[in-house]
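Remarks on the structure that follows.
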Amino acid sequence: MKLATWNVNSIRQREGHVRRWLEQVQPDILVLQEIKCETAAFPALGFQALGYRAEAVGQKAYNGVAVLSRVPFEVTHRALPGLPEDDAQARYIELAADGVTVIGIYLPNGNSGGDAGYAYKLSWMDLLRRRAAALLDVDAPLAILGDFNVCPTDADLAPGALPPTDALVRPETRAKFRAMLWLGLTDAVRALQPTGPAWTFWDYQAAAWPRDQGLRIDHALLSPTLAERLTAASPDRRERGEDQPSDHVPVVVELA
DNA sequence: ATGACTTACTGCGTAAGA
């Protein structure tokens, strides 16, 4: 089983990139973030032609997540359980496919909106941990993939790429990410590549890509039985060198 | 010294991303 995650920074700008990538890499399931369109505007037909069924959770202008799958699946949640009913931010999709629970997330960045914006990020992380704990309690094979907007350690950002006050690296952010690992989840990329850069994002500004000043913020977390099946996990750096790329690249995980 | 990013919106600049 091949699972992947990709923050595409607008699916309407990147439909062609995603289609080409699907044909090259042939993942079973790809979760997308920052589709930046309303649910009905998601270009599902273009992916259906390649054998992928699409389900999107969108909103106007910002955020938005989706799943593309060539294996049968059922969407089980379209919002993070525990969030207030009136929370309209499209950041979560959960599905069941081939006996596996797959969660796609676009975790709040936390740098906008002042103290309230950062508090929202932290509370979102608390609720995600609770959801993961509930699924692990019933022994569900679980994969959480997406844009976590967290550099887990200092090895996960190029030196100086962010100030220490940035919401992606602040101690409270990292503590809540670690709390998810302590549930028994495995960071798939770090399980196979414990040290060294494995960037998944390069800013459009300041020549970040040519200077290779990246961040590792897109992750795949696996429950124990899935982690035991892990054979490969890495970012696909090639995508950042394409014309008009997203600022994020896909992360691909393979399970035996 | 200069210009130095990309997207969406109803905008003709602003907000957000990270």
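Protein chains get the first letters and strands the later ones, always in sequence-line order, with residue 1 at the start of each.
Checked against A/W124 for a side chain to side chain contact (heavy atoms under 4.5 Å, CB included), the options A/L127, A/L128, A/L122 give a single hit: A/L128.
Using a 4.5 Å cut-off between side-chain heavy atoms of Ile, Leu, Val, Met, Phe, Trp and Tyr, with links allowed through other members, A/L30 and A/V75 fall into different hydrophobic clusters. Under the 4.5 Å side-chain heavy-atom criterion for Ile, Leu, Val, Met, Phe, Trp and Tyr, A/V67 and A/L3 are members of the same hydrophobic cluster.
Counting non-hydrogen atoms under 4.0 angstrom, A/N149 reaches the backbone sugars and phosphates but no base. Using a 4.0 Å heavy-atom criterion, one finds that A/N7 contacts the sugar-phosphate atoms exclusively. At a threshold of 4.0 angstrom between heavy atoms, the contacts of A/N109 include nucleobase atoms, whether or not backbone atoms are also involved. Within the nucleic acid shown, A/D147 comes within 4.0 Å of sugar-phosphate atoms alone, with no base atom in reach, counting heavy atoms only. Looking at heavy-atom distances under 4.0 Å, A/L162 makes no contact with the nucleic acid at all. Counting any heavy atom pair closer than 4.0 Å across all strands shown, A/Y106 reaches sugar-phosphate atoms only and no base atom. Residue contacts for A/E34: at a heavy-atom cut-off of 4.0 Å it reaches the sugar-phosphate backbone alone, with no base atom in range.
Nucleotides B/dG3 and B/dT7 have their P atoms positioned 22 Å apart, rounded to a whole Å. Annotation: B/dT2 and B/dT6 have their P atoms spaced 22 Å apart (nearest Å). If you take atom P in B/dA15 and the same atom in B/dT10, they sit 14 Å apart, rounded to whole Å. B/dA8 and B/dA18 have their P atoms separated by 14 Å, given to the nearest Å. Atom C1' of B/dC9 sits at a distance of 25 Å from the matching atom of B/dA4, rounded to the whole Å.
Reading DNA chain B from its 5' end, the first and the last nucleotide to sit under 4.0 Å from a heavy atom of chain A are B/dC5 to B/dA18.
Atoms CG and CG, on A/L221 and A/L181 in that order, are 6.0 Å from each other to the nearest 0.5 Å.
Under the 30°/60° scheme for interplanar angles, the aromatic rings of A/F148 and A/F177 are found to stand perpendicular.
For the pair A/A206 and A/F201, nearest-nucleotide mapping onto DNA chain B gives the more 5' position to A/A206. When each of A/C37 and A/Q205 is assigned the nucleotide of DNA chain B bearing its nearest heavy atom, the one mapping closer to the 5' terminus is A/Q205.
With A/Y118 as the aromatic partner, A/R170 meets the cation-pi criteria of under 6.0 angstrom to the ring centre and within 45 degrees of the ring axis.
Between A/E172 and A/R174 no salt bridge is recorded (no basic side-chain N to carboxylate O distance below 4.0 Å).
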